[in-house]
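These notes concern the structure reproduced below.
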Amino acid sequence: MLYSPVMLRVRFAPSPTGFLHVGSARTFIFNWLYARRNGGTMVLRLDDTDVERNTDASVNSIYEGLRWLDLGWDEEYKQSERLGLHRQIAESIFQKGLAYRDFTPAHTGDSERSGALQTWLFNPGMRELSRAESDRRVAAGEPFALRFRVPRGTGALVRFDDAVYGEQVKAADDIEDFALLRSDGMPTYHLASCADDVDLRISHIIRGQDHLSNTYKHVLIFEAAEGKAPQFAHLPLLVAPDGSKLSKRRHGPVVSVTTYRDAGFLPEAFINFLCLLGWSPKDDREKMSRQELTDAFSLEGINRSNTVVNFKEPAATPEETFDPKAVWLNAEHIRALPVEDLSARLLPIVREAGFQVTPERMLKVTPLIRERIKLLRDVLTAADFIFVEQLPPYDPAELIPQKGDSAMALKALTRAREVLATTEFTHDGLDQALRAAAQELGIKAGQMFQPIRVAVCGRKNAPPLFETLEVLGRETVLKRIEQAVLEVG
RNA sequence: GGCGCUAUCGUCUAGGGGUUAGGACGGAAGAUUCUCAAUCUUCAAACCCGGGUUCGAUUCCCGGUAGCGCUACCA
């Protein structure tokens with residue numbers, strides 16, 4: 001086993017207030033890649049301190065999304081089970097004089113202040129409260145919030161070096177006395193997060209850029225708690241085509257990972273796509289396997305500006321919903337999959353749609369559609385005619401070949417019926433027999449093939465004819481041609 | 001309002017003081033196969049604006065503008 005000089009540990013810390021969305025998924029992936037690339041440890045931590053908004057359903061949906069990604073993690077924690085640790089660290093910060101009690105009644109959800117017209121730094125009168133006075137009010141049972149005592153008027157600077165955004169500096173005077181503990185004794189996000197990062201020995205915090213400004217507070221906590229902050233790397237945000245941040249309410253299911261799964265994305269393609277948003281391998285590669293991504297990943301390749309996920313707002317067809325590049329990448333990955341593998345992934349989808357199909361049969365069908373599907377679910381529209389017993393009705397006019405008429409269609413079909421009754425049902429056998437038949441009838445091969453194709457597939461656009469006939473088998477083919485003959489005649 | 005981050009084709013991006021500003025997706029046109037798809041070829045498409053530094057800025061600096069983030073006893 002290899003040991004890096006410092007133990008590299010990263011974490012993914014979602015708060016279970018909704019489904020796993022694409023931005024979180026990307027954060028998870030980047031953390032995972034970084035850990036794997038450098039022989040580090042990947043920690044999953046559920047940041048569930050917000051009792052009001054956390055739900056079990058959300059926890060499950062996060063697991064569901066992560067499981068589909070199929071990347072795994074090494075250690076797992078629940079923040080709600082570590083409240084003692086958080087309070088302990090808050091207490092030690094308080095004892096060092098770096099925090100103070102604020103007895104001002106809570107302003108939870110006070111929208112005047114967030115969105116704010118003026119800068120709020122601290123509640124007057126509380127910072128200077130003497131320890132004796134503070135203790136007296138606690139003894140009297142007054143509730144209080146614990147606030148960090150940010151240095152004031154000293155010209156102090158808070159700084160950290162971000163692996164993506166570079167050196168960051170902010171005047172302590174511009175940072176408000178943020179809360180560590182709420183008046184009900186529960187830790188705030190800032191405290192809980194940093195306390196856990198300290199305790200779990202997290203070495204690198206890779207997270208969304210929406211935390212960049214919060215990081216100054218975190219640095220203050222880290223320094224108060226253990227003297228040293230971990231390395232930070234902030235990721236550019238994923239945004240909607242209109243530049244707004246992704247939200248389920250505004251943008252619908254396209255922001256949920258399970259939507260991609262259900263639509264028939266391959267997890268490796270989805271991962272590939274997400275990696276290309278805000279990160280570049282710096283060469284011209286686009287389609288990359290999990291291993292290639294792991295090998296190529298580095299923090300230096302991460303961008304600094306917001307990235308648009310180019311989906312269609314209220315989508316028309318399912319395929320048009322998604323970023324075209326994601327769809328293209330998925331098709332690329334589908335075509336790169338061994339037939340056996342692809343077939344195995346297609347089978348459950350086909351069965352779930354109500355078709356009785358054996359793995360052996362699916363294996364035969366797969367090559368026909370492999371280059372014609374972009375999402376796994378497309379198998380249902382690409383190969384439906386193979387699975388159905390009875391072809392859905394189609395327009396008999398479709399049977400008429402290019403530059404031909406119904407007489408030609410009839411001629412082709414009746415001849416085909418004869419020929420196919422005896423020909424060997426292999427690609428080459430069918431090829432020869434049908435081409436010969438066309439020649440006999442004095443029509444072009446295409447004019448011969450199209451009526452057959454429509455008769456057999458129920459539409460003009462379908463997989464190559466000979467392979468299709470072969471897979472369908474003589475019985476079905478003859479039956480469908482017979483039916484088509486009746487339609488034309 | 002305050003503080004901060006960002007700015008290359010429609011989108012994802014490469015590049016970087018002197019380049020025909022490269023690639024990909026998507027779009028258009030063509031080639032090709034029995035249709036479709038795949039594949040191949042070609043085309044259209046970008047350095048936010050204004051100053052400064054410089055022999056020379058898309059690149060470096062400053063300002064503006066725009067977008068985004070933070071500004072909660074949410075995370």
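Residue numbering restarts at 1 for every chain, and letters A, B, ... go by the order of the sequence lines.
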Please classify the nucleic acid contact of [X] as base, sugar-phosphate, or nothing, using heavy-atom distances under 4.0 Å.
X        : answer
A:Gly278 : sugar-phosphate
A:Pro236 : nothing
A:Lys245 : sugar-phosphate
A:Arg335 : sugar-phosphate
A:Glu176 : sugar-phosphate
A:Ser213 : base
A:Gln447 : nothing
A:Thr188 : sugar-phosphate
A:Asp283 : nothing
A:Glu398 : nothing

B/S/- along nucleotides 24-35 of chain B (protein heavy atoms under 4.0 Å) is BSS-------BB

Taking the basic N atoms (NZ, or NE/NH1/NH2) and the acidic carboxylate oxygens, is any pair closer than 4.0 Å for A:Arg82 and A:Asp196?
yes

Return the orientation label for the A:Phe297 and A:Phe30 ring planes: parallel under 30°, perpendicular over 60°, tilted otherwise.
tilted

Please check the phosphate of [N] (OP1 and OP2 only) for any side-chain N or O of [X] closer than 4.0 Å.
X        : N     : result
A:Thr307 : B:U13 : yes
A:Asn214 : B:C74 : no
A:Arg370 : B:A38 : no

Hey, does the side chain of A:Ser58 reach the backbone of A:Asn54 with a donor-acceptor pair shorter than 3.5 angstrom?
no

Please confirm whether A:Tyr189 and A:His211 have ring centers closer than 6.0 angstrom.
yes

Taking the six-membered ring for Trp, is the centroid-to-centroid distance between A:Phe148 and A:Tyr100 below 6.0 Å?
no

Atom pairs under 3.5 Å: protein N/O with N/O of nucleotides 40-48 of chain B:
none

Closest to the 5' end of RNA chain B, once A:Leu276 and A:Thr104 are matched to their nearest nucleotides, is A:Leu276

Rounded to whole Å, the CZ-P distance (A:Phe385 to B:A37) equals 15 Å

Could you work out which one of [options] sits closest to the side chain of [X]?
X        : options             : result
A:Glu371 : B:A38, B:C70, B:A14 : B:A38
A:Lys217 : B:A14, B:C5, B:U71  : B:U71
A:Trp120 : B:U13, B:C3, B:A72  : B:A72

Surrounding NZ of A:Lys411 (heavy atoms of other residues, nucleotides or ligands, distance under 6.0 Å), is the total greater than 12?
yes

Do A:Leu413 and A:Val488 have side chains that approach each other closer than 4.5 Å (heavy atoms only, starting at C-beta)?
yes

